[in-house]
Protein chains: 2
Amino acid sequence: MLHRERIKPPSYIYPQDEWKIIEKRFYPRFLGQMETIFSLANGYLGIRGTPEEGAPVYQSGTYINAFYETWPIVYSEDAYGFARLGQTMVNVTDTSIIQLYVDDEPFYLPNAQIISFERVLDMQAGVLTREVLWETPSGKQVLIKSQRLVSFTYRHLAALAYEVTVLNAAAPVVLISEMSVPPVKQGDTGDPRKSHGLKEPALQPHQNYRNDLRLVLSHTTVNSGMALAVGADHSIATTCSYSHKNASSDNTAKVIFNVDAQPGAPITIHKYMAYHKSKTQPPEELCERAEWTLDRALQHGFDYLLAEQRNFLDRFWERSDIQVVLNPERAQRQTKEIQQWIRFNLFHLCQATARAENAGIPAKGLTGPGYEGHYFWDAEIYVLPFLTYTEPRIARNMLEFRYKMLDQARLRAVEVNQKGALFPWRTINGTEASAYYAAGTAQYHINADIVYALRKYMEVTGDHEFLFREGAEILVETARLWLDLGFYSANKNGAFCINGVTGPDEYNTVVNNNTFTNLMARENLWCAAQTVRRLKNEYPILYLELTDKTGLKDSEADEWQEAADRMFIPYDRQQGIHLQDDSFLDKEIWDFDNTPREKYPLLLHYHPLVIYRYRVVKQADVVLAMFLLGNEFTVDQKRQNFDYYDPLTTGDSSLSVGIQSIIAFEIGDYEKAVEYARYAVLMDLADIGGNVQDGCHIASMGATWMVLVNGFAGMRDYGGKISFRPQRLHGVQQVKFPLQVRGQRMEVDIRGENVTYTLKEGNDLTITHGNEEIRLTSDSPVAVRSII
Amino acid sequence: MLHRERIKPPSYIYPQDEWKIIEKRFYPRFLGQMETIFSLANGYLGIRGTPEEGAPVYQSGTYINAFYETWPIVYSEDAYGFARLGQTMVNVTDTSIIQLYVDDEPFYLPNAQIISFERVLDMQAGVLTREVLWETPSGKQVLIKSQRLVSFTYRHLAALAYEVTVLNAAAPVVLISEMSVPPVKQGDTGDPRKSHGLKEPALQPHQNYRNDLRLVLSHTTVNSGMALAVGADHSIATTCSYSHKNASSDNTAKVIFNVDAQPGAPITIHKYMAYHKSKTQPPEELCERAEWTLDRALQHGFDYLLAEQRNFLDRFWERSDIQVVLNPERAQRQTKEIQQWIRFNLFHLCQATARAENAGIPAKGLTGPGYEGHYFWDAEIYVLPFLTYTEPRIARNMLEFRYKMLDQARLRAVEVNQKGALFPWRTINGTEASAYYAAGTAQYHINADIVYALRKYMEVTGDHEFLFREGAEILVETARLWLDLGFYSANKNGAFCINGVTGPDEYNTVVNNNTFTNLMARENLWCAAQTVRRLKNEYPILYLELTDKTGLKDSEADEWQEAADRMFIPYDRQQGIHLQDDSFLDKEIWDFDNTPREKYPLLLHYHPLVIYRYRVVKQADVVLAMFLLGNEFTVDQKRQNFDYYDPLTTGDSSLSVGIQSIIAFEIGDYEKAVEYARYAVLMDLADIGGNVQDGCHIASMGATWMVLVNGFAGMRDYGGKISFRPQRLHGVQQVKFPLQVRGQRMEVDIRGENVTYTLKEGNDLTITHGNEEIRLTSDSPVAVRSII
């Protein structure tokens, strides 16, 4: 990351505002980026921030989490056990379009004479609004106000208000409210982070019908056998006289309003959009459901939806907001700015997860097609901590969702000649979709990542039931995989070694004894051994059930324990550092000095063989282990390792800087801590990766939360024990945030030298502040002095 | 290889015969295998051994060397620098078909009542003959005799004689002589050794015309822009009355002979087939060429072609034959058998190379679609030795062909971020076609292999001119790549290390310091340094030309020399073995005991990550280095290394056993030497790999020659000095073979304890026998005692 120049704050585009992202004029050159930034979503349904009129767009996108099409992965040179089934989140029927014609001239932003323009993403309201004053070539001034939401309360529902007023004249106004299946976007880019894309249309028309102002289109997917029904209904309010008609065909339906606009008289259309999908139900059934959803929405009306949206978000912010106040000598403007940046991340976390039920969290949420809408390890490692501490119910849903994949993971283990279960590196439907094993299947650490999240969830929430039932089964099968994957190496004094794996750092692939993997696997094995022993002793019935489901033998826990105890962790005594893997020091150091800035990310400019040959790190790997398993390292080791790996780390992955910041905070390297924190917080708003047009980096948004909570406030939770080491930073007056721990709700309020811990809900929670144990009881704040 | 059971000798299918491969009855279950075994080819044109009637077939195949179609290689997960252009040898217009109807009933082997059947590949005559006596359901006995050849003398020409006699009755006989474009064969098999295949027809019809008995079809390829013209002409001889007509369309043309066959009166059709292709000439031009070829063939007649074929092969066998006589206590039958096996290999080597002009030698020659008709390193390492010692002109052609690729190799180096030139791992047209870099692009040793062949060619033939002109340019660019690829590693005491490469053994990929690669690269660097220095001192004009073409600087030779001198060669003192690569001992030993035979080759049953994780070797790697650069190892090291690697080697590649045999001979492990020799010699005839239906293993055939010359006779040629250490083997009475060395022709005749070296052409050649120097002069044999 040190190889990049300092980033520009995004306020030159988005003015400072605590709660809003504001676009003050129409920026054609930021088209793609803004579509992502202004995306609305609820974890189930997402709509990119394209203009209401449907054009211009970089890529329009309407996504339903886990609604995907499959395709055969073809390898020009094939091999045994390669993943076979490509999965791509489908860009579904776009209902967001309302085309506007005045004097039969279309309103098209790039050509229109715009007198004023403002678009606002209101993160308290959960609404995207736009207000444009357009002067037509004949001098008619047209005021266009729109509001758009994807409902958190009704997850299948989106709604749109579109209001047109011709201010200074009468004019014929035509409004065409459309829904249509987007065309397939062609073209491979060679950028593996983008969507591979579907080469053929995924949606087969099933049914289309219309009834006055109501439109319904249903489709099925060609290969994955899923069904989709999308409905839209409208109401219109105006004093002007109007007529309307409708039309529909396989892939398009519309209502056309023809209005004799009178000067100053608003024409308001409310449009309600319902999305239902299913893997088991027929489309007819889904059409009915869509109609119910629309009936209800019409009955409630738009204002009611706005109010519900606000209510939902009030509760969200109460649980999740991180408030930051800068010192008075810093302008209030800067406080607003930093608050805006942080909330932008939290808001998109909410949008990605709130209603992601029976589904995972795609790498880009529902904001763009990047990474095909797949679920990766980053959901567990980067997003689940936020959920675990703010909305554990959703965290549990995510883990349940992984549990439902366990049978497929068992099959995948067989496919790659292993015992136990191997979770897919990337997937939507539970089968492995990674077509490049070196940075896919080889990342066996996905198993340990899931177990890590599971354990953390259990420790922080106290939800042992989940651990003892579903969790134990996951533990058994993942531990079996590790035991089978590694071996006791004579060449390493009989230590347990795991060869041929890829750690989080994808610039060093298929290596032996990746420290991160070995540490995480050890944790996995220990946790499995401990859990099944505890079950056996304390819950014999559950243990019996477990042995029945998994064929578990008594001896297995001992085998896991032994492998874990004898796990090899590569460490170089001479330099006093943990080696990222066995051969890390054998590599030539990348020539950073002679690598121009435009050659980053390296993966877009160098053959993998070149990158793999060098000592260069894409993203925190040992450093991530030092965060996740911080209690396995001494502070000195952390400092040594950080100082060693930091200059080698390009940060070409958005998953890196947040973690680097946290460890920099821990070892007291505040300059880097703050610099990296800034990168993490601004990853998307300042488009640091240069690819925000393909979607938000949801994991980096999760890391933003961690940077503040684990970095700045120094929170750790080893073994479920919550501890803090809050930092004092020049210029920061206050940082305040809530946390849920074992059903209780606490608040941390850091003000310079003083830190106050308050138990807001619940009545007994012991935490650690530095080395000091603090017992919190019902709503009596404990104030202590900062330790740093 | 020790994991396989003993192979059955193929004599249960093919009776023993010194010069012929004979099929005594029609074997439907060996259909695919026989098509390959009975293929005819001349290095330019190849026709699989399908029945004259066109059915039944496993896969018909007519191939022209370097006539290919291209297709974009698509990666579901793409990366920078991946190969982009797939290339596949096209299965072209099939002209071999003559359909036969008697009483309007088709002759179809599987259904026909066959009274007698014999098919013979005569390796002295270069002709495939068949004689079948068929009894029709109505009791008519039909004698069908055919002869087929692909001319060595006229490389564009094939010819066929088809003679039908109804022995015991009169009958209407219809003969349809066809030419047609074969349909595209669909279906991916997952076996990377098979052809990926073309998904769309490659041949676009261009022109079709006919003139009495002459047929011409021309085509162009869709993507690669090549042109093809195929013509056929006929003569008919019979005392029976007949009529004929013809027909043609885009992809088919035929002549139909309608004959009133009289009892005992033969009907003979001679068919001549001409194939012309070009990348630059239009198809019209090629059609003309095809017509000239046909005119000439008709004028000469079939017998003339037979005679020319025989002449050509007489010269071939004179240069190339290896005669073996077994001891009298062994039956003569066995001598015939072993002679047949050896000659089968030599004959197919001839067929793969004789007229491969301006082209390479595909892995399967022109006998099948396996490996897409691509050229690999095995041409240089396994086939060129045979050519260098028997027909150096062809060896030079091959090297010239590589030289013509140099500009593309320079571009490829840029694509993979390296200096100098990187030859393609697999290719037809010079661009890299390997879609799996771990067992493709990572095999940088291709560069050193080409240089090795170049140096050997130069040393053995004395052709310095080639070295100093084209060769020097190859040397400069390949040396530059090595210098750029490696580095001086502080972690290895400043030795020059080459990381992230794959050696010949494809079961250990992307490793650091592969011993084979490092040794071969060292040789390459040394040779380059030496050559440019010599040029500079002795041929300043040539040196100037070279610096002009390559921008060579004086300092470069020193840099190459230093890298070579300081090359790291991994060696384990404790075990006294060269390590295949840095991490070889860190791997777990493959569980051979619990791997059932049907799990070989491992690549078809285990995920690459699994294979790569273990200490298991697909094919000779260190052992190959011990043969190619035998003077870099002590005899003790050879023994130690062989004994260490042999039990780890599955021999899943056909390139392995021959080399293992040679080294086993050298270290005196005769049991293994003979066992592996047997595998090598019988690789295709006994279908040891189980995939001979996709084509012959031409490299293994080259290895067969090496097993006898380098293994049994112990010939080595370090620095161009020819030495022998002939073995005595129980049961072998005599082994005799010719060699060409620096324009002279010698013969080696080993008879038990006595060895005779004779200079047949030329008048002065010094060789070494054991440690004894022997000077050979014009045709005065020198007899010595065997040393072992």
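Naming: A, B, ... by sequence-line order, numbering from 1 per chain. Since the structure is predicted, the reported quantities are computational estimates derived from the model, not experimental observations.
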Inset, instruction - Verify whether one side chain among B:Asn491 and A:Asp586 offers a donor that lies under 3.5 Å from an acceptor in the other. - result: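 Yes.
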Inset, instruction - Please determine, among A:Ser489, A:Ala435, A:Ala433, the option with the most heavy-atom pairs under 4.5 Å with chain B. - result: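 So the answer, after comparing A:Ser489, A:Ala435, A:Ala433, is A:Ala435.
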Toward chain B, the part of [X] with a non-hydrogen atom under 4.5 Å:
{"X": "A:Leu603", "answer": "backbone"}
{"X": "A:Leu485", "answer": "both"}
{"X": "A:Phe568", "answer": "neither"}
{"X": "A:Asn513", "answer": "neither"}
{"X": "A:Phe82", "answer": "both"}

Inset, instruction - Please report the closest heavy-atom contact between B:Glu77 and A:Tyr436, naming both atoms and the distance. - result: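 It is OE2-N, 3.6 Å.
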Legend entry - Which atom of A:Phe487 lies closest to which atom of B:Lys587, heavy atoms considered: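 That closest heavy-atom pairing would be CZ-C, 3.8 Å.
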Legend entry - Separation of B:Lys492 NZ from A:Leu585 CG (nearest 0.5 Å):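 Here the rounded value is 10.0 Å.
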Legend entry - Spacing of OH belonging to B:Tyr80 relative to CG belonging to A:Leu602, to within rounding of 0.5 Å: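 Interatomic distance, B:Tyr80 OH to A:Leu602 CG, rounded to 0.5 Å: 11.5 Å.
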Side chains of [X] and [Y] in contact at under 4.5 Å (non-hydrogen atoms):
{"X": "B:Thr441", "Y": "A:His607", "result": "yes"}
{"X": "A:Asp582", "Y": "B:Ser583", "result": "no"}
{"X": "B:Ser76", "Y": "A:Trp71", "result": "yes"}

Inset, instruction - Please determine which of B:Val416, B:Val510, B:Val501, B:Asn417 meets the side chain to side chain contact (heavy atoms under 4.5 Å, CB included) test together with A:Leu609. - result: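 The single option meeting the side chain to side chain contact (heavy atoms under 4.5 Å, CB included) with A:Leu609 is B:Val510.
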Inset, instruction - Heavy-atom pairs under 4.5 Å with chain A are the metric here; pick the option from B:Glu415, B:Arg426, B:Gln418 that has the most. - result: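 Between B:Glu415, B:Arg426, B:Gln418, the count favours B:Arg426.
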Inset, instruction - Heavy atoms only, distances under 4.5 angstrom: which of B:Tyr614, B:Tyr612, B:Tyr437 has the most pairs with chain A? Name it, please. - result: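 Option with the greatest count: B:Tyr437.
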